[in-house]
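The structure displayed is predicted, hence computed values, not measured ones.
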Amino acid sequence: NPSPSEPVHLLQIWLHPEQAGLAPSYEQRAFPESEQRGKLRLVASRDGRDGSVRLHQDASVYSARLEAGDAVRHALAPGRHAWVQVARGNVALGADALEEGDGAALSDLGELALAAREPSELLVFDLG
């Protein structure tokens, strides 16, 4: 952050590629807030579907911006795992509360149910 007075808030997240020796690549895309407001928006995937950036991994990454009281659900296929990362706010995951900076690993769960307790931003990783 080159600003001496403005703070920066970022997440740096690494996913290992599915195979060694792949040529390095880079993609960047801005997703309108309207596509994330109150819902999960696919932002990264193996096949680049729905305008998402491509990953060299069996993973789909979703972003959501929720107001207090908003809820989102994500179905997990059998054998898949999830990671939930709260970038801002406070989110209920079942009976558990996840606050800014918290993450949760989930397996053997048919569906994720997340509810914002305050304005929140989060990422959901659907992992093979």
Side-chain angles (χ1 to χ4, degrees):
N1 180 12
S3 172
S5 61
E6 295 297 319
V8 67
H9 180 89
L10 64 94
L11 297 174
Q12 184 176 31
I13 298 167
W14 293 78
L15 295 174
H16 291 278
E18 59 194 341
Q19 65 185 30
L22 292 173
S25 64
Y26 177 83
E27 281 185 72
Q28 181 174 320
R29 177 155 187 248
F31 295 91
E33 187 175 322
S34 62
E35 293 181 8
Q36 302 168 67
R37 181 73 51 205
K39 58 190 166 196
L40 292 169
R41 172 36 161 129
L42 183 65
V43 295
S45 64
R46 175 185 265 165
D47 58 4
R49 69 187 179 282
D50 298 330
S52 63
V53 298
R54 291 181 186 272
L55 298 173
H56 294 288
Q57 185 52 266
D58 182 11
S60 295
V61 182
Y62 298 85
S63 175
R65 293 178 181 228
L66 306 176
E67 295 300 324
D70 285 351
V72 293
R73 295 181 175 277
H74 178 71
L76 280 177
R80 296 199 58 86
H81 312 280
W83 179 266
V84 176
Q85 183 70 49
V86 179
R88 296 185 196 278
N90 185 302
V91 177
L93 175 60
D96 297 319
L98 300 176
E99 298 180 358
E100 183 173 320
D102 287 345
L106 305 148
S107 294
D108 301 319
L109 185 66
E111 183 178 66
L112 297 175
L114 300 153
R117 295 179 170 184
E118 61 187 49
S120 301
E121 295 177 42
L122 59 100
L123 296 170
V124 173
F125 296 77
D126 184 323
L127 307 164

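No more than 12 heavy atoms of other residues, nucleotides or ligands sit less than 6.0 Å from atom NE2 of His16.
Residues Arg41 and Asp50 form a side-chain contact, since some pair of their non-hydrogen atoms from C-beta on lies under 4.5 Å apart. At least one side-chain heavy atom of His9 sits under 4.5 Å from a side-chain heavy atom of Glu100. Proximity of Pro119 to Glu67: side-chain heavy atoms (C-beta onward) are separated by under 4.5 Å at one or more points. When side chains are defined from C-beta on, Ser52 does not count as touching Val43, because their heavy atoms never get closer than 4.5 Å. When side chains are defined from C-beta on, Val61 does not count as touching Ile13, because their heavy atoms never get closer than 4.5 Å. Taking 4.5 Å as the limit, some side-chain heavy atom of His56 sits within range of a side-chain heavy atom of Ser25.
Between atom CG of residue Asp126 and atom OH of residue Tyr62 there is a gap of 6.0 Å, rounded to the nearest 0.5 Å. If you take CZ on Arg46 and OG on Ser60, they are separated by 9.0 Å, rounding to the nearest 0.5 Å.
In this structure, the side chain of Arg29 engages the main chain of Gly51 through a donor-acceptor pair within 3.5 Å. Checked by atom type and distance alone, the side chain of Glu111 never pairs as donor or acceptor with a backbone atom of Arg73 at under 3.5 Å.
For the pair Leu11 and Gln85, the tightest heavy-atom approach, listed with the atom from each and the gap, is CD1-CG, 4.1 Å. For the residue pair Glu6 and Asn1, the shortest heavy atom distance occurs at O-ND2, 2.6 Å.
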